[in-house]
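First the structure, in the form of structure tokens, and then the observations on it.
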Amino acid sequence: MLWQNDAFIIRTPLNPHIPYEEGVHLVVAPKIEFENAWQNSEVATQAFELATKACKIMEDLRIAPWFNIQANGNWGLLPGATPFFHIHVYGRNKGPNWGKPLVLPEAPKTYSNEPMPIDMQEKLSKAFAARLY
């Protein structure tokens, strides 16, 4: 966990969707569960606002020059899974895939990326604690 308040949590996955060399991967999620943004547009709007604030902080820290923000939840539609609203934030680094569409894993357990380094997690936690509501 990188940051939380009474309503939201920001974390980085143990197995991010993209390699750290390509950028950072964060998840912004409300603490109340619902399936999709249109079930609770007020909380979804707040979650997107929080995600954009996290992007601005990371931009100011020069962690990444560009960000992709998405809420898809497709894997929640797979057999045996349950959909839940959450937002992915991908900080994109300039490298071989710069400017190309983000290529995400097609299903859980079909990829293997190292987690964000601890020093970066600590840096983000401190910055989020200082600048988020």
Side-chain angles (χ1 to χ4, degrees):
M1 192 249 335
L2 300 173
W3 177 89
Q4 68 177 328
N5 67 8
D6 292 340
F8 296 96
I9 186 167
I10 300 176
R11 64 177 179 80
T12 184
L14 293 175
N15 185 3
H17 294 168
I18 60 174
Y20 184 69
E21 301 79 44
E22 290 187 29
V24 297
H25 176 194
L26 305 182
V27 175
V28 177
K31 289 187 175 179
I32 60 168
E33 289 192 20
F34 52 96
E35 287 187 9
N36 52 57
W38 50 96
Q39 282 187 329
N40 193 331
S41 61
E42 183 178 329
V43 173
T45 299
Q46 292 169 359
F48 272 103
E49 181 179 6
L50 182 57
T52 63
K53 288 180 180 184
C55 291
K56 177 62 176 147
I57 291 168
M58 291 188 289
E59 179 185 54
D60 290 348
L61 294 173
R62 299 186 188 280
I63 289 171
W66 187 258
F67 299 89
N68 294 112
I69 302 172
Q70 71 161 9
N72 61 22
N74 294 349
W75 294 352
L77 303 175
L78 295 172
T82 303
F84 66 97
F85 174 78
H86 58 287
I87 297 171
H88 294 272
V89 175
Y90 301 99
R92 307 289 301 278
N93 289 328
K94 291 184 178 180
N97 293 318
W98 179 251
K100 296 178 183 174
L102 190 61
V103 178
L104 299 175
E106 291 189 21
K109 300 179 183 173
T110 61
Y111 60 102
S112 179
N113 294 310
E114 293 295 317
M116 181 188 297
I118 297 296
D119 61 332
M120 180 57 72
Q121 291 182 41
E122 291 171 352
K123 181 177 183 175
L124 284 174
S125 290
K126 288 178 186 174
F128 291 164
R131 294 182 53 186
L132 293 174
Y133 54 90

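Keep in mind it's a predicted model, so treat the numbers as computed, not measured.
Counting heavy-atom neighbours within 6.0 Å of Trp66 CH2, excluding the residue itself, gives a total of 12 or less. Sparse packing is recorded around CD of Glu33, with 12 or fewer heavy atoms of other residues, nucleotides or ligands lying under 6.0 Å away.
Every residue meeting the side-chain hydrogen bond (donor to acceptor under 3.5 Å, both in side chains) condition with Asp60, not counting sequence neighbours, appears here in chain and number order: Lys56, Arg131. By the side-chain hydrogen bond (donor to acceptor under 3.5 Å, both in side chains) test, Asn74 is found to be paired with no residue, residues two or more places apart in sequence or in another chain being considered. Annotation: side-chain contact (heavy atoms from CB on, under 4.5 Å) contacts of Leu132 (sequence neighbours excluded): Trp3, Ile10, Leu50, Lys53, Ile57, Phe128. For Glu106, there are no side-chain contact (heavy atoms from CB on, under 4.5 Å) partners two or more places apart in sequence or in a different chain. Shown here are the side-chain contact (heavy atoms from CB on, under 4.5 Å) partners of Thr110, two or more places apart in sequence or in another chain: Pro105, Ala107. Contacts of Glu114 classified as salt bridge (charged side-chain N to carboxylate O under 4.0 Å, His left out), with partners at least two apart in sequence or in another chain: none. With sequence neighbours excluded, no residue forms a side-chain hydrogen bond (donor to acceptor under 3.5 Å, both in side chains) with Glu35. With sequence neighbours excluded, the residues satisfying side-chain contact (heavy atoms from CB on, under 4.5 Å) with Pro108 are Trp75, Leu78. The side-chain hydrogen bond (donor to acceptor under 3.5 Å, both in side chains) search around Lys123 returns none, not counting sequence neighbours. With sequence neighbours left out, Phe67 forms a ring-ring contact (aromatic ring centres under 6.0 Å, His included) with no residue at all.
Thr12 places none of its side-chain heavy atoms less than 4.5 Å from the side chain of Leu124. Under the 4.5 Å side-chain criterion, counting only non-hydrogen atoms from C-beta, Gln70 is in contact with Leu104.
Rounding to the nearest 0.5 Å places CD1 of Ile118 at 12.0 Å from CE of Met120. One finds the CE atom of Met116 at 12.0 Å from the CD atom of Glu122 (value rounded to the nearest 0.5 Å).
Contact between Leu61 and Ala127 at its shortest, heavy atoms only, is CD1-CB, 3.6 Å.
Formation of a donor-acceptor pair under 3.5 Å by the Arg92 side chain with backbone atoms of Lys100 is found in this model.
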Sequence neighbours left out, cut at 3.5 Å: what donor-acceptor pairs do the side chains of residues 13-32 make with other protein atoms?
{"residue": "Asn15", "atom": "OD1", "partner": "Asn113", "partner atom": "N", "Å": "2.8"}
{"residue": "Asn15", "atom": "ND2", "partner": "Tyr111", "partner atom": "O", "Å": "3.2"}
{"residue": "His17", "atom": "ND1", "partner": "Tyr90", "partner atom": "OH", "Å": "2.6"}
{"residue": "Glu22", "atom": "OE1", "partner": "Asn97", "partner atom": "ND2", "Å": "3.4"}
{"residue": "Glu22", "atom": "OE2", "partner": "Asn97", "partner atom": "ND2", "Å": "3.0"}
{"residue": "His25", "atom": "ND1", "partner": "His17", "partner atom": "N", "Å": "3.0"}
{"residue": "His25", "atom": "NE2", "partner": "His88", "partner atom": "ND1", "Å": "2.8"}
{"residue": "Lys31", "atom": "NZ", "partner": "Gln4", "partner atom": "OE1", "Å": "2.7"}
{"residue": "Lys31", "atom": "NZ", "partner": "Asn5", "partner atom": "O", "Å": "2.7"}

Are Gln39 and Asn36 close enough, and set up right, to give a side chain to side chain contact (heavy atoms under 4.5 Å, CB included), and what steps lead you there?
CA-CA 6 Å; Gln39 282 187 329; Asn36 52 57; 3.2 Å; yes
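Sorted by first and then second residue, the ring pair (Phe, Tyr, Trp, His ring centres under 6.0 Å) pairs with a member in residues 34-53 read Phe34-Phe85; sequence neighbours excluded.
No path of Ile, Leu, Val, Met, Phe, Trp and Tyr side chains, each step under 4.5 Å between heavy atoms, connects Ile9 with Met58, placing them in separate hydrophobic clusters.
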